**Student:** 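Before I ask anything, here is the structure I am working with.
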Amino acid sequence: MAGCIFCKIINGEIESDIVFENDKIIAFRDLNPQAPIHILIIPRKHISRIEDLKKQDSSLMGDLVFAAKQIAVKMNVKGGYRLVFNNGSNAGQEVEHIHLHLLAGRKFTWPAG
Ligand code: DGP
């Protein structure tokens, strides 16, 4: 979608440090990492928010989680990791293209801030 930063990363218009990709998904390091490992896992298809998901997107969302597992294995993550969707303004969503944060390499507290 025109003007979407993450679509520009998918198209190669903006450089990123890509750690995983397949025909449906791309994953790259967050520009502003909140943990020693901070990866953004996104669908190639532009979907702005969870509310915009259609029934037929449900397997794609599962694919995002499965990609997270594959990345964690590839990066030899030890001690667990946190997976986060910030959805909407109250949750701190800044980029309107669904993305799953994979955070690892430190201990996380709960509840999240
Ligand atoms: P969120 O707040 O959940 O919408 O997270 C958006 C994340 O995207 C935020 O942690 C910073 C990251 N980000 C924004 N622009 C870029 C970019 O151009 N490149 C990369 N690698 N990350 C970006």
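What you are looking at is a predicted structure, and each value in this text was computed from that prediction instead of being measured. Just so you know, ligand 1 is whichever comes first in the structure, and atom 1 is the first atom listed for that ligand.
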**Student:** Find all atoms of ligand 1 within a distance of less than 4.0 Å from any non-hydrogen atom belonging to Glu94, and give their numbers and elements.
**Tutor:**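 What qualifies from ligand 1 is 1 (P), 2 (O), 4 (O).
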**Student:** Look at the rings of His38 and His101 and say which category their plane angle falls in: under 30° parallel, 30 to 60° tilted, over 60° perpendicular.
**Tutor:**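 Geometry flag for His101 against His38: tilted rings.
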**Student:** For Glu51, does the CD atom have more than 12 heavy-atom neighbours from other residues, nucleotides or ligands under 6.0 Å away?
**Tutor:**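 Buried by this count: over 12 neighbours within 6.0 Å.
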**Student:** Which atoms of ligand 1 sit under 4.0 Å from any heavy atom of His101?
**Tutor:**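 Ligand 1 atoms under the 4.0 Å threshold to His101: 1 (P), 3 (O), 5 (O), 10 (O).
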**Student:** Have a look at ligand 1 and work out which part of Phe85, if any, has a heavy atom under 4.0 Å from it: side chain, backbone, both or neither.
**Tutor:**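 Looking at Phe85 and ligand 1, no heavy atom falls under 4.0 Å.
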**Student:** Is it true that a side-chain atom of Lys45 and a backbone atom of Leu60 form a donor plus acceptor pair closer than 3.5 Å?
**Tutor:**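 No, Lys45 side chain to Leu60 backbone: no donor-acceptor pair under 3.5 Å.
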**Student:** Please list, in number order, the atoms of ligand 1 under 4.0 Å from a heavy atom of Gln93.
**Tutor:**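 With Gln93 as reference, the close atoms of ligand 1 come out as 4 (O).
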**Student:** Which atoms from ligand 1 have a heavy atom of His99 less than 4.0 Å away?
**Tutor:**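 Numbered from 1, ligand 1 contributes 1 (P), 3 (O), 4 (O), 5 (O), 6 (C).
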**Student:** Do Ile25 and Ile10 belong together in a cluster built from hydrophobic side chains that touch within less than 4.5 Å?
**Tutor:**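 Cluster IDs for Ile25 and Ile10 differ.
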**Student:** In the protein, which heavy atom is nearest to atom 21 (N) of ligand 1, and how far is it?
**Tutor:**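 Result for atom 21 (N) of ligand 1: Arg29 O, 2.9 Å.
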**Student:** Against heavy atoms of Phe28, which atoms of ligand 1 measure under 4.0 Å?
**Tutor:**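 Listed by number with element: 20 (C), 21 (N).
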**Student:** Counting N and O atoms only, with roles assigned by atom type, does the side chain of Glu21 sit under 3.5 Å from a partner on the main chain of Ile26, one being a donor and the other an acceptor?
**Tutor:**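 Not confirmed, Glu21 side chain does not pair with Ile26 backbone.
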**Student:** Just by distance, do the side chain of Gln93 and the backbone of Ser48 share a donor-acceptor pair under 3.5 Å?
**Tutor:**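 Yes, the answer is positive, given that a donor and an acceptor are paired below the 3.5 Å cut-off.
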**Student:** Suppose I only count heavy atoms of Val95 and a 4.0 Å limit; which atoms of ligand 1 are within that range?
**Tutor:**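 So the answer, numbered in order with elements, is 4 (O), 6 (C).
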**Student:** Looking only at protein heavy atoms, which one is nearest to atom 10 (O) of ligand 1, and what is the separation?
**Tutor:**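 Of every protein heavy atom, Asp30 OD2, 2.5 Å lies nearest to atom 10 (O) of ligand 1.
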**Student:** Cluster question for you: counting only ILVMFWY and a side-chain heavy-atom cut-off of under 4.5 Å, with indirect links fine, are Leu102 and Ile50 together?
**Tutor:**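 Per the 4.5 Å side-chain linkage, Leu102 and Ile50 are co-clustered.
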**Student:** Using heavy atoms and a threshold below 4.0 Å, how should the contact between Leu40 and ligand 1 be classified: side chain, backbone, both, or neither?
**Tutor:**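 Looking at Leu40 and ligand 1, just side chain atoms fall under 4.0 Å.
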**Student:** Nearest to atom 2 (O) of ligand 1, what protein heavy atom do you find, and at what distance?
**Tutor:**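 I find the closest protein heavy atom is Gly92 O, 2.7 Å.
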**Student:** Please state which protein non-hydrogen atom is closest to atom 23 (C) of ligand 1 and give its distance, to 0.1 Å?
**Tutor:**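 For atom 23 (C) of ligand 1, the nearest protein heavy atom comes out as Leu31 CB, 3.7 Å.
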**Student:** Answer yes or no: is there a donor N or O on one side and an acceptor on the other, between the side chain of Gln34 and the main chain of Asn32, under 3.5 Å?
**Tutor:**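 Such a contact is found between Gln34 side chain and Asn32 backbone.
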**Student:** Can you pull out the closest protein heavy atom to atom 19 (N) of ligand 1? Residue, atom name and distance to 0.1 Å, please.
**Tutor:**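 The closest one turns out to be Ile9 CD1, 3.7 Å.
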**Student:** Is Val84 reachable from Met61 through a run of I, L, V, M, F, W or Y residues, each pair having side-chain heavy atoms under 4.5 Å apart?
**Tutor:**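 No; Val84 is not reachable from Met61 via cluster members.
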**Student:** Just going by heavy-atom distances, which of Ile18, Ile5, Asn86 is nearest to atom 15 (N) of ligand 1?
**Tutor:**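 Result: the heavy atom closest to atom 15 (N) of ligand 1 is in Ile5.
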